Amino acid sequence: MIALTSEKLIKFNSLYEKYEKTIYYTIKNFNFDKYTIEDLTQEIYMIIVKKLDDLDVNNYKRTQNYIITITRNCCINYKRNLTKRKEILSREISDFSVESMDLLQQIINKEQINLMFEEIKKLDDIYKSVLELKYLDGFNNKEIAYILKIKKKTVEMRLYRAKIILKKCLKR
C-alpha cells in the first residue's frame, strides 16, 4: 500500500483530472474490452503514483507525453503477455493432438519454425519489430505505425522488405 501525503494527493488528483481521458483513449486504441481497460487504467495509475516525484504538473506537454508513453508500454506489455499465454495454450493443444500426426512431419515442421525464428532474430531491429507486432502481437499496420510513431506506408515497406530478406535466408 502506498501512503500519499496531502501534497502528493493533490498532485495525483490534478494529474487524474487532466489526463483521465488521454489514458482512456490511448488504451481504447488497442481494442481491449471494458474490463481490460479498467484493469490497465488501474495499473497505469499505480505507476503514476510511484512516479509522482518525477512528474511536473506545470509542464503539460512533457507530462502528457510521459503518461501516454507509460500507457502505451503498459498496453504493449499486456498484449505481449496475452500472446505468450495464447502460444502456451496453442502448444499445449497442439501437443495433445500431435499424437495423430506423423512423427517425421512433426520434426520437419518444428525445424522449419525454429529456422524461421532464428532468421527473424538476425534481422535488423526495424524489420524485427514490425514482424513481431504484426504476426506475434496481432496488430494491424495502422496500429503498428501508431506504436512505432512512423507512417503506415513505412510499416508496409518494412514488412515487405523483411519478407524478402526472410525468403532469401530460408532458401539457403
Side-chain angles (χ1 to χ4, degrees), residues 1-93 116-117 120-121 123-163 165-166:
M1 181 148 192
I2 299 172
L4 293 178
T5 62
S6 60
E7 226 175 74
K8 286 187 177 185
L9 187 58
I10 291 169
K11 187 174 183 179
F12 176 78
N13 285 335
S14 172
L15 290 169
Y16 179 84
E17 289 172 8
K18 281 184 187 175
Y19 302 105
E20 168 185 22
K21 291 180 182 174
T22 303
I23 291 171
Y24 176 79
Y25 287 111
T26 303
I27 296 172
K28 191 117 170 93
N29 282 331
F30 283 86
N31 297 321
F32 292 124
D33 61 68
K34 70 178 187 174
Y35 302 109
T36 304
I37 291 172
E38 289 174 6
D39 291 344
L40 288 171
T41 302
Q42 286 180 352
E43 189 173 328
I44 290 160
Y45 284 126
M46 291 303 297
I47 294 169
I48 290 171
V49 166
K50 290 176 185 174
K51 302 287 185 178
L52 271 176
D53 293 332
D54 300 336
L55 297 171
D56 182 7
V57 181
N58 299 322
N59 190 341
Y60 177 79
K61 198 65 178 167
R62 183 170 182 229
T63 303
Q64 181 184 26
N65 288 340
Y66 185 78
I67 288 176
I68 289 173
T69 301
I70 289 172
T71 304
R72 282 187 193 149
N73 289 342
C74 195
C75 291
I76 291 168
N77 288 339
Y78 180 83
K79 282 227 180 211
R80 186 176 294 130
N81 291 336
L82 186 64
T83 302
K84 287 178 185 175
R85 288 191 299 266
K86 286 180 182 176
E87 286 175 10
I88 291 169
L89 181 61
S90 174
R91 269 188 254 135
E92 289 174 355
I93 291 171
M116 188 171 68
F117 279 120
I120 290 172
K121 286 180 189 175
L123 290 175
D124 289 344
D125 286 341
I126 62 171
Y127 299 119
K128 194 181 339 180
S129 62
V130 292
L131 284 172
E132 289 174 349
L133 289 169
K134 178 81 173 184
Y135 297 107
L136 295 179
D137 297 332
F139 291 109
N140 64 37
N141 293 354
K142 185 178 177 184
E143 292 168 327
I144 295 170
Y146 180 75
I147 292 167
L148 297 177
K149 299 178 184 171
I150 57 177
K151 294 179 181 177
K152 183 180 171 192
K153 273 289 191 200
T154 306
V155 171
E156 293 168 355
M157 185 54 70
R158 287 181 184 177
L159 285 170
Y160 173 75
R161 288 180 181 158
K163 288 177 186 177
I165 294 169
L166 280 177

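This one's a predicted model, so the numbers in the text were calculated from it and none came from an experiment.
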Check: [X] side chain, [Y] main-chain N or O, donor-acceptor pair, under 3.5 Å:
{"X": "Lys79", "Y": "Phe30", "value": "yes"}
{"X": "Thr154", "Y": "Ile150", "value": "no"}
{"X": "Ser129", "Y": "Asp125", "value": "yes"}
{"X": "Lys152", "Y": "Ile144", "value": "no"}
{"X": "Glu143", "Y": "Asn140", "value": "yes"}

field: Set of residues satisfying salt bridge (Lys or Arg N to Asp or Glu O under 4.0 Å) with respect to Asp33, sequence neighbours excluded
entry: none
Cation-pi, Tyr66 ring and Lys51 (6.0 angstrom, 45 degrees): no
- request: Go through the structure and list residues passing side chain to side chain contact (heavy atoms under 4.5 Å, CB included) with Tyr146, not counting sequence neighbours.
  value: Thr26, Asn29, Arg72
Could you tell me the separation between the [atom1] atom of [X] and the [atom2] atom of [Y], rounded to the nearest 0.5 Å?
{"X": "Lys163", "Y": "Tyr127", "atom1": "NZ", "atom2": "OH", "answer": "14.0 Å"}
{"X": "Cys75", "Y": "Glu43", "atom1": "SG", "atom2": "CD", "answer": "9.0 Å"}
{"X": "Phe32", "Y": "Glu38", "atom1": "CZ", "atom2": "CD", "answer": "13.5 Å"}
{"X": "Lys151", "Y": "Glu156", "atom1": "NZ", "atom2": "CD", "answer": "12.5 Å"}
{"X": "Ile48", "Y": "Tyr45", "atom1": "CD1", "atom2": "OH", "answer": "6.5 Å"}
{"X": "Asn13", "Y": "Lys8", "atom1": "CG", "atom2": "NZ", "answer": "14.0 Å"}

As a test of understanding, state which of [options] forms a side chain to side chain contact (heavy atoms under 4.5 Å, CB included) with [X].
{"X": "Leu52", "options": "Leu9, Thr5, Leu15", "result": "Leu15"}
{"X": "Thr71", "options": "Ile27, Thr41, Ile47", "result": "Ile27"}
{"X": "Ile23", "options": "Leu40, Ile44, Ile70, Ile68", "result": "Ile44"}

field: Greater than 12 external heavy atoms within 6.0 Å of Phe12's CZ
entry: yes
Less than 3.5 Å apart, which donor and acceptor atoms pair up between the side chains of residues 56-64 and the rest of the protein, not counting sequence neighbours?
from, atom 1, to, atom 2, distance (Å)
Asp56, OD1, Asn58, N, 3.1
Asn59, OD1, Arg62, N, 3.3
Thr63, OG1, Asp56, O, 2.6
Thr63, OG1, Asn59, O, 2.9

message: As a quick check of understanding, evaluate side chain to side chain contact (heavy atoms under 4.5 Å, CB included) for Ile126 and Val130, giving each step before the final call.
response: CA-CA 7 Å; Ile126 62 171; Val130 292; over 6 Å; no
message: Please give me the minimum heavy-atom distance between Leu55 and Lys11, naming the atom from each residue.
response: O-NZ, 2.5 Å
- request: Indicate yes or no: at least one non-hydrogen side-chain atom of Asp124 is less than 4.5 angstrom from one of Ile165.
  value: no
